[in-house]
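Comments concern the structure below.
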Amino acid sequence: YILGSFEAHLEECRNAPEQPRLVAIGSSGSNVVVAAKVHAPKCGITPRSLQALYPEADAPEMDNTLNFLSSLSLPGEQGPFLGGSATIASAAWQRDGPGRPWVIPTGGLCKAGIIGQVCLVLELAEQVARGELPDPDGIVLALGSNCTTTGVVLGVAVARASGFAAFRKPGFRIHAQPIHPGVHFLHNAFGVFTSTRLPMMIGTNIRDTCAALAAVGAPDFTELSLIVLKQELVISSDRSITGRYGVHSEATLEGKALLERTAQGPAGAPPLWLCGHFTGKSFALLLKLLREDVAAQRAKRKFVLLATKSVVQPRGAEDEWSRFQEMCRTSPALKKWAVLGGVSGHPGAAGTGETAAPAKGPEQYHPLMTSIVQSV
């Protein structure tokens, strides 16, 4: 939805003297930046119109390095490591017009991103209606920027108001696992995530997005969504799962080991990639919920593990290793930060074992990547 909005903006500015740019912002192991660069060509967004910026570094860990290398392998400009503040300021303060950059915020948190997550929930509701998915006892997801969680809360309200026989089981809950220890602490102390007054928090996002939908003729889902927020969203208080931001915790690594030891997915399906940023933490919460059922000697609940993340590590046609070496020549910080080996949630990677060390060559990581073909 974000890319589609920018595609429409490009069409509006087709005859303008200066063409707009789309700037994807994330921390250095960002999933959103990779996703933007993977899917931009499908919306007619050319490499010269797309820029990736990493103003903040995640903790050094192989999963984050792999995402950075994936981004380098995909078309589009790569901004300086830990740079881009001038571009971000321009987007924030410049007047509207073709020259003003369009920004995909960290985590995709904006109205278009939230509406995209609403549609994701409606797709799940359609699957339930077709009998392809049992009506779940709950949805489990990682809580980062609040974009996905806001969209899921709003999507459940919209699905019910639209008459779908989904998300109606007694005791249905949305279980969210925070991924940032600082914000997690603030929520445990003050309940900030569900605020309807603080900017970028779930309640505020719901009000803003519902107002935008109502302004173009949709029903006002605000009150229904706030009821779901108050009564059915459960934010995990387990800080042992959260750990440090952007890296694995002991709970996520234990979950990965258990999954690889005991689970077997559908034939031909790739194994789950339980990254330290997101999916590893939501999966650890899922295990905790299922173990609660076993301890209570009750029937195991059926959950949807919602992960808005690729199941593969994409590799585009660009020579990412050459681009990486060129950036390292001007950024000692990048050279020190980008490590391979050690802890990883990637299928096929050891997860523990050898010590993480600075990246030495593409032979270290190419076996973990999946080549993709992009076309405009």
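In terms of hydrophobic clustering, with Ile, Leu, Val, Met, Phe, Trp and Tyr side chains grouped at heavy-atom distances under 4.5 Å, L229 and L143 are assigned to a common cluster. Following chains of ILVMFWY side-chain contacts shorter than 4.5 Å, one cannot reach V183 starting from I25, and the two form parts of different hydrophobic clusters. With hydrophobic clusters built from ILVMFWY side chains whose heavy atoms lie under 4.5 angstrom apart, I139 shares a cluster with L226. L305 and F278 are members of different hydrophobic clusters when ILVMFWY side chains are connected at heavy-atom separations under 4.5 Å. No path of Ile, Leu, Val, Met, Phe, Trp and Tyr side chains, each step under 4.5 Å between heavy atoms, connects F193 with V140, placing them in separate hydrophobic clusters.
A heavy-atom distance below 4.5 Å is not found between the side chains of H277 and D63. Side-chain contact check for Y245 versus I179: some heavy-atom pair is nearer than 4.5 Å. Looking at I174 and V228, their side chains come closer than 4.5 Å, going by heavy atoms from C-beta outward.
D137 places a side-chain N or O within donor-acceptor distance of the main-chain N or O of K302, the cut-off being under 3.5 Å. For the pair K281 (side chain) and V247 (backbone), a donor-acceptor distance under 3.5 Å is present. S195 places no side-chain N or O within donor-acceptor distance of the main-chain N or O of V192, the cut-off being under 3.5 Å. No donor-acceptor pair under 3.5 Å is formed between the side chain of H184 and the backbone N or O of R239. Here the side chain of S282 pairs no donor or acceptor atom with the backbone of L141 at under 3.5 angstrom. Using a distance-only test at 3.5 Å, with no hydrogens or angles considered, a donor-acceptor pair links the side chain of Q364 to the main chain of G361. No donor-acceptor distance shorter than 3.5 angstrom exists from the side chain of D58 to the backbone of G246, with no hydrogens or angles considered. The backbone N or O of L66 lies less than 3.5 Å from a partner atom in the side chain of S70, making a donor-acceptor pair. Without hydrogens or angle criteria, T330 side chain to M327 main chain gives a donor-acceptor distance under 3.5 Å. Of the possible polar contacts, none joining the S27 side chain to the A57 backbone as a donor-acceptor pair under 3.5 Å is found.
With rounding to the nearest 0.5 angstrom, the CG atom of L213 is 10.0 Å from the NZ atom of K111. A distance of 5.0 Å separates SG of C275 from CG of N31, quoted to the nearest 0.5 Å. For the atom pair CZ (R207) and OG1 (T150), the distance works out to 13.0 Å, reported to the nearest 0.5 Å. Distance check, rounded to the nearest 0.5 Å: OG of S30 to CD of E56 gives 10.5 Å. In this structure, R21 CZ and T46 OG1 are separated by 12.0 Å, a value rounded to the nearest 0.5 Å. Annotation: the span from K336 atom NZ to S331 atom OG amounts to 11.5 Å, rounded to 0.5 Å.
For residues 125-168, every residue pair satisfying the ring-ring contact (aromatic ring centres under 6.0 Å, His included) rule, not counting sequence neighbours, is listed here: F167-F172. For residues 6-17, the salt bridge (Lys or Arg N to Asp or Glu O under 4.0 Å) pairs, not counting sequence neighbours, are E11-R14. Legend: salt bridge (Lys or Arg N to Asp or Glu O under 4.0 Å) pairs involving residues 284-295, not counting sequence neighbours, sorted by first then second residue: D238-K288, E254-R291, E292-R301, D293-R298, D293-R301.
When every heavy atom of A40 is checked against every heavy atom of L50, the shortest pair comes out as CB-CD2, 3.9 Å. Considering every non-hydrogen atom in both C147 and G108, the closest pair reads SG-O, 3.3 Å. Listed here is the closest heavy atom pair of A284 and I241: CB-CG2, 3.9 Å. Heavy-atom minimum distance, E318 versus L72: CB-O, 3.6 Å. Closest approach of W337 and S28 over heavy atoms only: CZ2-OG, 3.0 Å. For the residue pair P314 and I372, the shortest heavy atom distance occurs at CB-CD1, 4.0 Å.
Note on ring orientation: taking the six-membered ring where Trp is involved, the planes of Y365 and W321 are tilted (angle from 30° to 60°). Relative orientation of the F303 and H175 rings is perpendicular, given thresholds of 30° and 60° on the angle between their planes. Relative orientation of the H9 and W102 rings is parallel, given thresholds of 30° and 60° on the angle between their planes.
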- Message: Please determine whether side-chain contact (heavy atoms from CB on, under 4.5 Å) holds for the pair N205 and L154, giving the CA-CA distance in whole Å, both sets of side-chain angles, and the decisive distance to 0.1 Å.
- Response: CA-CA 10 Å; N205 296 338; L154 177 53; over 6 Å; no
- Query: Which is it for F283 and T252 under the side-chain contact (heavy atoms from CB on, under 4.5 Å) test, yes or no, and what are the steps along the way?
  - Reply: CA-CA 7 Å; F283 186 75; T252 66; over 6 Å; no
- Message: Set out, in order, the CA-CA distance, both residues' side-chain angles and the distance that settles side-chain contact (heavy atoms from CB on, under 4.5 Å) for S49 and L22, then state yes or no.
- Response: CA-CA 6 Å; S49 299; L22 180 64; 5.8 Å; no
- Task: In sequence, state the C-alpha distance, the side-chain angles, and the governing distance for L3 and I104, and then conclude on side-chain contact (heavy atoms from CB on, under 4.5 Å).
- Result: CA-CA 9 Å; L3 294 176; I104 300 178; 4.3 Å; yes
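Summarising the local packing, CD of E326 is surrounded by 12 or fewer heavy atoms from other residues, nucleotides or ligands at distances under 6.0 Å. Summarising the local packing, CE of M369 is surrounded by more than 12 heavy atoms from other residues, nucleotides or ligands at distances under 6.0 Å. By the 6.0 Å contact criterion, CD on Q127 is enclosed, its count of non-hydrogen atoms from other residues, nucleotides or ligands being greater than 12. The 12-atom threshold is exceeded at NZ of K169, counting heavy atoms of other residues, nucleotides or ligands nearer than 6.0 Å. Within 6.0 Å of atom CZ in R48, 12 or fewer heavy atoms from other residues, nucleotides or ligands are found, so the atom counts as exposed in its surroundings.
If you check the side chains of Q177 and T242, you find a donor sitting under 3.5 Å from an acceptor. In this structure, a donor-acceptor pair under 3.5 Å is present between the side chains of S71 and Q78.
A salt bridge does not link E320 to K37: none of the charged side-chain nitrogens sits closer than 4.0 Å to a carboxylate oxygen.
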